[in-house]
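Just below is one structure, and these are the notes that go with it.
All values derive from a computational prediction rather than experimental measurement. In what follows, every chain begins at residue 1, and chains take the letters A, B, ... in the order their sequences are listed.
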Amino acid sequence: MKLTLHPASTKTTLPLPFADRGVKAGFPSPAQDFMEEPLDFNRDIIKNPEATFYAKVSGDSMIEEGIKDGSILVIDRSLQARHGSLAVCAIDGEFTLKRIKLEGEKLFLMPANKNFAPIEITEANDFIVWGVVEYIIQKA
Amino acid sequence: MYILADCNSFYASCEQLFRPALRGKPVVVLSNNDGCVIARSAEAKAIGIKMGAPAFQMQYLVKEHDVAVFSSNFELYGDISRRVMSTLAKFSPDMEIYSIDEAFLQVDDTLAPDLIAYGRAIRKTVLRHTGIAVGVGIAPTKTLAKAANWYAKRRGNGVCAVSTPEHITALLKAVPIDEVWGVGRKYFKKLRCWGVQTAYDFVTKIPEHRVQEWMTIVGVRTWRELQGIPCISLEQNPPPKQSIATTRTFGRMVSSLAGLEEAVASFAESCAGKLRKDGLAAQRLMLFITTNFFREDLPQYSCNKVVQLPVPTADAVELVRYAKQALRQIFKEDHEYKKAGVVVSGLVPDTAVQTSFLDTVDREKSAALMDALDTVTGRFGRKSLHLAASGVQSKKSKWHMNQTKLSPRYTTRWEDIMVVKV
């Protein structure tokens, strides 16, 4: 018999009380045959837990997209960055958050704030895409 | 086929992942208490920083080359390791986690027709998903996979696969005998006297019966594995633990009984937690305390005490009580203690515990208390709830380890996540 190693579960489901326990009348709940797991953020939204990282936004260069100072970014490193991706990048060793724009052979990092200029990335820059942002979490 | 994947400069790489400015720069990670070097980035190796070098010895190199120095952040490294292992597990269900940064995978020969491409895919996926670079060695045996991995790192471009006798021979000729898994320093000297420089010399110049004579059956397995004969299988079921220990070197020396009691209580509590996690109970507890043997100007003393526990237990309150009792029996005044530890042994499954008729402990009540403790720490973190005897877990406590250059716990604490300035 082979044993399979599983990574630690990141599920945080609330345990479902079984509908057929403690029903004093002695017959099961009519819902019993139809019960499903409740919606679970970790299970349903985080596709790749081992590649998912969180970061906090500081500043407002992306404010016109609704990304406020203090927002939490859900970064999935397994996603392929492409034109239009919202990406956490590192330019010359500093993190930044911008939309990627590919125009022919040129690469630009686009802010979402009229007070900020687009940044063109050239061979001279020390540039990496750290990870693509899949979700942004903000307190209401 | 066996695959050995291991992370390049793992701890240093974890630090560099969240500090892009440190990519390609010398980075060093220090042991608990910031004592000595336990990890170096490739650039730090290149400037001459040695593994195990005491921190104070490298101060000149650190200043001269602007080396980034970090205290060990095991909370972070443990989480990144989990991610690396989860990612590797996707390549094969048959996996053995060998250490914090290495794992063996076993794949069907037919599954991977192009082994180099498979190795590259593993490397690329792990780097992309977790940010950590791994070296990959692929071969018909674990020992050869380890050798291939060594070659991949030193000479290759991160991946090395051997499957044919010609490949194996070429690899054996390239690997020095002291780099072979299972041939340590004690055998290395003897083999050198017999003209063995490489793994190839080992398998061609030394006959099997001689290997058996000098290195026992373990050496014979290594000898056979190097020739492509699998003898060591994947260890998927770790053997049951014989003992559990929690020991620490103190940040500063402690001379008071009260100070030591706090430390010892904390270690006993930690052992209890580890026992409960594995569903075990201990029949024996050993406590040791020792002074700082580097301070030859101070009086030296080290002592230990073994206590037989009347009923096998994993109860924190009980273990702390016995540990403190043992401490009072061996403690000597006017000594500066630098290290202490609690080791529990005689481990049995907690379901097999037979209580004594003369038992003084209310087992049901203490089990309920332990359950509550485990639930709270499971939900809110291991530091959220403690026995009062372990003291207030403040950094000011003398015995807490020095970690002056700790990086944020980027993946396990909300207050420490990466900040992206936009």
Side-chain angles (χ1 to χ4, degrees), chain A residues 1-10 12 48-63 65 67-81 86-99 109 111-113 116 126-133, chain B residues 16-25 68 76 78-98 103-106 108 124-132 233-238 378-379 408-422:
Chain A
M1 184 181 80
K2 285 201 177 143
L3 262 184
T4 313
L5 283 168
H6 293 285
S9 169
T10 52
T12 48
N48 258 315
E50 57 271 353
T52 302
F53 294 84
Y54 300 102
K56 186 148 77 158
V57 170
S58 165
D60 53 10
S61 75
M62 296 300 284
I63 194 82
E65 280 202 27
I67 302 173
K68 298 185 248 193
D69 182 278
S71 301
I72 307 266
L73 306 171
V74 181
I75 306 165
D76 185 339
R77 283 181 64 102
S78 69
L79 297 176
Q80 176 70 45
L86 181 64
V88 169
C89 310
I91 306 175
D92 301 327
E94 293 284 318
F95 282 128
T96 185
L97 174 73
K98 296 284 178 289
R99 282 254 176 225
L109 299 184
N113 181 327
F116 288 78
D126 170 23
F127 172 79
I128 53 155
V129 171
W130 199 89
V132 171
V133 175
Chain B
Q16 287 170 315
L17 173 61
F18 298 95
R19 297 266 294 266
L22 295 179
R23 281 164 65 235
K25 302 272 187 337
L76 176 66
D79 181 71
I80 303 292
S81 171
R82 227 180 352 213
R83 292 164 182 264
V84 169
M85 298 307 165
S86 289
T87 309
L88 287 172
K90 296 194 164 147
F91 287 92
S92 170
D94 299 315
M95 179 168 162
E96 173 193 336
I97 296 176
Y98 187 64
F104 285 102
L105 298 171
Q106 193 173 6
D108 223 292
K124 186 172 173 194
T125 307
V126 174
L127 180 61
R128 161 72 143 281
H129 288 210
T130 68
I132 303 294
S233 58
L234 221 56
E235 180 65 71
Q236 288 175 294
N237 291 346
R379 171 80 180 79
R409 271 63 73 96
Y410 300 102
T411 58
T412 48
R413 297 188 188 213
W414 283 110
E415 62 270 24
D416 280 3
I417 62 176
M418 287 155 60
V419 174
V420 176
K421 294 204 179 75
V422 302

For this session: Could you tell me which of P111(A), A51(A), S58(A) has the largest number of non-hydrogen atom pairs under 4.5 Å with chain B?
Result: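 Between P111(A), A51(A), S58(A), the count favours S58(A).
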
Counting only heavy atoms closer than 4.5 Å, note whether [X] contacts chain A via side chain, backbone, both or neither.
| X | value |
| --- | --- |
| K124(B) | neither |
| T130(B) | both |
| L88(B) | neither |
| I80(B) | side chain |

Side-chain touch [X]/[Y], heavy atoms, less than 4.5 angstrom:
| X | Y | result |
| --- | --- | --- |
| Y410(B) | Y54(A) | no |
| I128(A) | R23(B) | yes |
| V57(A) | V420(B) | no |
| M418(B) | F95(A) | yes |

Problem set entry | Sidechain-backbone polar pair: R83(B) side chain, P49(A) backbone, donor-acceptor under 3.5 Å |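 Here the side-chain-to-backbone pair exists.
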
For this session: Examine distances only and state if a side-chain atom of R19(B) and a backbone atom of E94(A) form a donor-acceptor pair shorter than 3.5 Å.
Result: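 A pair under 3.5 Å: no.
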
Problem set entry | Partners meeting ring pair (Phe, Tyr, Trp, His ring centres under 6.0 Å) with F53(A) (sequence neighbours left out) |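 Partners of F53(A) by the ring pair (Phe, Tyr, Trp, His ring centres under 6.0 Å) criterion, ordered by chain and then number, come out as W130(A), F18(B).
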
Problem set entry | Heavy-atom contact with chain B under 4.5 Å, split by part of D126(A) |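 D126(A) touches chain B through side-chain heavy atoms alone.
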
Problem set entry | Interatomic distance, H129(B) atom NE2 to N48(A) atom CG [nearest 0.5 angstrom] |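 Answer for the NE2-CG pair, H129(B) versus N48(A), is 5.5 Å.
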
Exercise. How long is the gap from CZ on R82(B) to CD on E50(A), to the nearest 0.5 Å?
Worked result: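 Output value for this atom pair is 11.5 Å.
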
For this session: Write down the atom of R128(B), the atom of Q80(A), and the distance for their closest heavy-atom approach.
Result: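 Closest heavy-atom pair between R128(B) and Q80(A): NH2-OE1, 2.9 Å.
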
Report, one line per pair, each donor and acceptor closer than 3.5 Å where one atom sits in a side chain of residues 67-74 of chain A; sequence neighbours left out.
{"residue": "D69(A)", "atom": "OD2", "partner": "G59(A)", "partner atom": "N", "Å": "2.6"}
{"residue": "S71(A)", "atom": "OG", "partner": "K68(A)", "partner atom": "N", "Å": "3.2"}
{"residue": "S71(A)", "atom": "OG", "partner": "K68(A)", "partner atom": "O", "Å": "2.8"}
{"residue": "S71(A)", "atom": "OG", "partner": "Q138(A)", "partner atom": "OE1", "Å": "2.7"}

